[in-house]
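Inspection log for the structure reproduced underneath, given as structure tokens.
In listed order, ligands and their atoms are each counted from 1.
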Amino acid sequence: MTKLIFVLNGPNLNLLGKRQPEIYGRETLEDVERNCAKVGAGFGLDVRLLQSNHEGQIVDWIHEAREAAAGIVINPGAFTHTSVAILDALNAFEGPVFEVHISQVHKREAFRHHSYVSMRSDGIIVGCGIEGYELAMRRLGTLLAD
Ligand code: CA2
């Protein structure tokens, strides 16, 4: 049976490919969705890609994932560095969680160096552009293989 992966994206990531290409590249969230679906298909994984600018909405989707998803890929955007609520929600999710950052946050401002979400993440992919989402999907495919 196919398993579902939630690919969750935080604030401003709807602008991916439309602003600041020097940091975040030229590809869009639609490209991310297509690439994740392609990798997932090779492992029998379906993908539901979601984006919100609202912290509570992301918490609600993580709660939904408790029943609906076998694993989570999450780029919490700026909430990475601020949100205990997202960390708490992820702690209530039992499956594997992979954290993705498009940019190499450790080469950037000091406030981007700490991630609350990393205290829960089973793996973290940083600075690989949108390919990071595909790498996370590949790892989930391996971990969730029957
Ligand atoms: O590198 C990442 O993926 C980040 O999670 C992106 C966040 C940033 O706050 C984190 O420190 C690192 C920002 C997402 C904003 O995305 C945009 C994309 C295109 C244009 C403008 C913003």
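Using a 4.5 Å cut-off between side-chain heavy atoms of Ile, Leu, Val, Met, Phe, Trp and Tyr, L15 forms no hydrophobic cluster with any other residue. Side-chain heavy-atom separations under 4.5 angstrom define the hydrophobic clusters, and the remaining members of the one that includes F79 are L4, F6, L8, L50, I58, V59, W61, I62, I72, I74, I86, L90, F93, V97, V117.
Aromatic ring centres of H113 and H106: separated by under 6.0 Å.
Exactly one residue among I102, I125, I130 makes a side chain to side chain contact (heavy atoms under 4.5 Å, CB included) with N75. That residue is I102.
When side chains are defined from C-beta on, F98 counts as touching R139, because their heavy atoms get closer than 4.5 Å.
Every pair passing salt bridge (Lys or Arg N to Asp or Glu O under 4.0 Å) that includes a residue from residues 10-33 is listed here, sequence neighbours excluded: D31-R34.
Closer than 4.0 angstrom to ligand 1 by heavy atom are P11, N12, L13, L15, L16, R19, Q20, Y24, N75, G77, A78, H81, H101, I102, S103, V105, R112, sorted by chain and number.
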